[in-house]
Amino acid sequence: MNPVNSDANVYVLKPPNADAPVRPLARDYAQELNPQQLAAVEVVDGPALVIAGAGSGKTRVLVYRVARLIDSGIDPASILLLTFTRKAAQEMLGRVGLLIGPHSDRVMGGTFHSVANQLLRRYGRAIGLEPGFTILDRGDSEDLVNLLRVQVGLGETGRRFPRKRTIVEIFSKASNTLRPLDDVLLNEYAHFVDYRVELEALQKAYEATKRQRQLVDYDDLLLRLRELLAVDDPARRMISGTWRYILVDEYQDTNRLQAEVVRHLAATHENVMVVGDDSQSIYSFRGATFRNIMEFPDQFPGTRIFKLEENYRSTQSVLALANAIIEGATDKYSKTLFTHQQQGERPILVQTVGENPQSRFVVQKILELREEGVPLENMAVLFRSSFHAFDLEVELVKQGIPFLKRGGFKFIETAHVKDLVAHARIVHNPLDNVSWNRVLQLVDGVGQKRAKDLIAQLVEAEASYEVLRQGGGRSALGLCHLAEALESASQVEDASPPDQLQRLLNYYYPILKEQYDDYPKRIRDLEHLMVMAERYANLEEFLADLTLEPPETSVTEVDAPGRDERLVLSTIHSAKGLEWHCVFVLWLVDGRFPSTYAFQDEDGLEEERRLLYVAVTRAKRLLYLTFPVQVYDKITGTILSKPSRFLDDVDASLVEPLSVVEDGDAWRWQS
């Protein structure tokens, strides 16, 4: 009998629950989301990339997407939400719970590292990792590196070898970027490239010791998970099958290692939604790579791309400038931010003669806005690098304006600035025993007791520098050099503060290089200190303005009577994700923003552009972009500056130009 009969009746097998009524959703998502957000939230299967412009409701999309998956009948335990902080995951899942109830408790939410820890405890034996492995914190890692450094014969090299903290930073950067140690040294720690062979040997010893002793450092959590997912196919399938829906927040901030982990986690389904903004990728110094978000569609063919362009933070005038700045980016996902809010005032492009007038303009404008009812905490001053705000900090202290600084150290809190200023204080006042205590302990062979004994002699002596020359023992040569430097700075003709500081800095350079592995960056800070000294006639005035508080007191402790609020000073990197009514962006000058170091690196220059985009989009209503037309250069003296190249293609109609001039005691603003 022929089993295939075209005349036979057909009986159709239906999918399970095909006759069940369609489950109604608990919420009307179309009423609670804008059309762009709704389109992203309604995705169920397959890869999806959500390009979320600044202030466009990125977190809202993640929260509603998790809620809708559960609302649609997806098992909450099959959903994984990866974030960069535990707090972010908890807050998002808490909001999901408010939307749909306790079902969200079964969603797995956490950081890449916390998820990796959980998986390695369960499946790690396949790669030789027992469930009871120990996680090293950064301090533990540094101590282990230091121990191994001695064991492999690098304890006494007779040369300036990197400190344990720097070594761990170098190893960490290599791990997170999946780059050879050679490459990291050459491109980011060039001043230590001569130690390549020694560092490679130390790295091998470090890795071998961790494996032998069941130790895992913070970076290893992802490296070992990557290893597990690559070599253990059953484990990879089990893990991928457990979490059928993966969501990743801030994908533009992921590194190569994290991107590979995501790819492995989605091995059996590719139901991955990543949310981020390529225009806000600004953390390459941490190992994050802009390429991850740009290459996501290549890694996951068939990716659907959604763009969130409606902004709920800023006025249209601010957004128009942001759009114009990012339009010049060479590689991007094109988007145009818009808002249904008011047009608002045009951003102000402020031209000042030099750095100090720039600082004084910002201070005066802040005081005016404060009188108009804008609280200090609703204003922020943003800058590319921490030292760009040093002069402003001095002016804020002089005016008694309380402030909080985020990102980098406060100017007079930095150890190297304190060191140089302490030398200058002694030149000004040889009886300053606080400064003597700091300066003496920088001399090789001088400890606390020796410093105390010397200070007792110094404050009593008529010729204090001669006391230093009479010292003996291991510190004798160092004390003589100190005496020569202090004496030289004291005898500068016409007592020019920059010349005095330069002589002290020449003495301090070798100490700085010995004390700090990141001395190239600290040297730039000290050179800027000398630029600040240019406008002072004598050392006394300079020190008085610089340190109105005692040396150990932060300038942030200066407070105004009856006021609790504080102005925010912040690097742009530390301001990401925040917003203020009024924002000032300092030093929009080529060489400062973008930094000189980015000029010869196209990727670096593009990141600087994105950094400005982030700064501009922090402003809700008022935005001031300032640039001095004269910049003091240590080598060439005062030079004319060029406004940031990122403003070259910005239509003049998008900003209101403003020149700040000074006429006696009166300020004038000229449009």
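Because the structure is predicted, anything quoted here is derived from the model rather than measured.
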Pairing donors with acceptors under 3.5 angstrom, does anything connect the side chains of D419 and Y508? yes

Is it the case that the side chains of H113 and Y218 hold a donor-acceptor pair, with the cut-off being a distance below 3.5 Å and no angle test? yes

Consider only side-chain N and O atoms of Y189 and D517, and report whether a donor and an acceptor are under 3.5 Å apart. no

Of E200, R196, H191, which meets side chain to side chain contact (heavy atoms under 4.5 Å, CB included) against L185? R196

H388 vs F593, ring pair (Phe, Tyr, Trp, His ring centres under 6.0 Å): CA-CA, chis, key distance, verdict: CA-CA 10 Å; H388 290 172; F593 200 167; 7.8 Å; no

Out of the candidates T571, I572, L588, only one should pair with F383 under the side chain to side chain contact (heavy atoms under 4.5 Å, CB included) rule; please name it. T571

Salt-bridge contact E169-R165 (side-chain N to carboxylate O under 4.0 Å): yes

Closest heavy-atom pair, G276 versus I293, reported as atoms and distance to 0.1 Å, is C-CD1, 3.8 Å

If you draw the axis of the six-membered ring of Y283, does the NZ or CZ of R286 fall within 45° of it and under 6.0 Å from the ring centre? yes

With a 4.0 Å cut-off, would you call E608 and R645 a salt bridge? no

Before you tell me yes or no, could you show the steps for L178 and L223 under side chain to side chain contact (heavy atoms under 4.5 Å, CB included), namely the whole-Å CA-CA distance, both residues' side-chain angles and the distance that decides it to 0.1 Å? CA-CA 9 Å; L178 300 179; L223 283 171; 4.2 Å; yes

Please determine if R522 forms a cation-pi arrangement with Y516, meaning its NZ or CZ atom is less than 6.0 Å from the six-membered ring centre and no more than 45° off the ring axis. yes

Quick check: does any side chain N or O of T209 sit under 3.5 Å from a backbone N or O of A205, one acting as donor and the other as acceptor? yes

Under the side chain to side chain contact (heavy atoms under 4.5 Å, CB included) criterion, do F403 and E393 qualify, and how do the steps go? CA-CA 9 Å; F403 65 89; E393 290 178 45; 4.0 Å; yes

Exam field: side chain N292 to backbone N255, donor-acceptor pair closer than 3.5 Å: yes

Flag the pair R291 and E607 as a salt bridge only when some basic side-chain nitrogen lies within less than 4.0 angstrom of an acidic carboxylate oxygen. no

Is there side-chain contact between S385 and R592, with heavy atoms separated by less than 4.5 Å? no

Pairing donors with acceptors under 3.5 angstrom, does anything connect the side chains of K164 and S141? no

P628 backbone acceptor or donor facing S641 side chain under 3.5 Å: yes

Exceeds 12 heavy-atom contacts within 6.0 angstrom, atom CZ of R122: no

Backbone of L526 reached by a side-chain donor or acceptor of H416 within 3.5 Å: no

Residues D253, K576: salt bridge by 4.0 Å N-O rule: yes

Between the main-chain N or O of S281 and the side-chain N or O of R610, is there a donor-acceptor pair closer than 3.5 Å? yes

Residue pair Q500 / Q502, side-chain donor-acceptor N/O under 3.5 Å: no

For G110, is there any backbone N or O sitting under 3.5 Å from a side-chain donor or acceptor partner on S114? no

Restricting to non-hydrogen atoms, name the atom on L257 and the atom on S175 that form the minimum distance, rounded to 0.1 Å. CD2-O, 3.9 Å

Could you pull out the closest heavy-atom pair between A615 and V585, with the gap in Å? CB-CG2, 4.1 Å

Would you name the heavy atoms of A489 and V427 that are closest together and state the gap between them? CB-CG2, 3.9 Å

Report the distance from atom CG of D183 to atom OG1 of T177, rounding to the nearest 0.5 Å. 7.5 Å

Working to the nearest 0.5 angstrom, can you tell me the gap between E130 CD and L120 CG? 12.5 Å

Determine yes or no for a side-chain-to-main-chain donor-acceptor pair under 3.5 angstrom, with R213 supplying the side chain and F133 the backbone. no

Could R179 and E188 be called an ion pair, given the rule that one side-chain N must be under 4.0 Å from one carboxylate O? yes

Heavy-atom pair of closest approach, residues Q515 and L442: NE2-CD2, 4.4 Å

Would E207 and K210 pass as an ion pair if we require N to O under 4.0 Å? yes

Does the salt bridge (charged side-chain N to carboxylate O under 4.0 Å, His left out) test come out yes or no for E487 and R469, once each step is laid out? CA-CA 12 Å; E487 200 165 52; R469 293 189 173 94; 2.7 Å; yes

If the threshold is 4.0 Å, N to carboxylate O, is there a salt bridge linking R256 and E260? no

Run T111 and L82 through side chain to side chain contact (heavy atoms under 4.5 Å, CB included) and show every step you take. CA-CA 5 Å; T111 66; L82 290 171; over 6 Å; no

In terms of heavy-atom contacts, does NZ of K642 have more than 12 from other residues, nucleotides or ligands at under 6.0 Å? yes

Would you find a donor on one side and an acceptor on the other, under 3.5 Å apart, between the side chain of S490 and the backbone of L486? yes

Just do the side chain to side chain donor-acceptor pair (under 3.5 Å) check on E142 and N146 with the steps written out, would you? CA-CA 6 Å; E142 290 174 5; N146 208 41; over 6 Å; no

Looking at R236 and D232, is there a salt bridge between them, counting it only when a charged N and a carboxylate O are closer than 4.0 Å? no

Whether the side chain of Q214 engages the backbone of G132 through a donor-acceptor N/O pair (distance < 3.5 Å, no angle test) should be reported. no

Minimum heavy-atom separation for D220 to L215, with atom names? OD2-O, 4.4 Å

Could you go step by step and tell me if R503 and D499 meet the salt bridge (charged side-chain N to carboxylate O under 4.0 Å, His left out) rule? CA-CA 6 Å; R503 297 190 182 202; D499 289 342; over 6 Å; no

Is the side chain of T85 donor-acceptor paired with the backbone N or O of A88 at a distance under 3.5 Å, no angle test? yes

F84 vs T254, test: side chain to side chain contact (heavy atoms under 4.5 Å, CB included). Steps then yes/no. CA-CA 9 Å; F84 274 84; T254 54; 3.8 Å; yes

Centroid separation Y507 to H481 less than 6.0 Å: no

Within 45 degrees of the axis of the six-membered ring of F161 and under 6.0 Å from its centre: does R149 put its NZ or CZ there? no

Compute whether any side-chain donor of one residue and acceptor of the other, for D249 and T83, lie under 3.5 angstrom apart. no

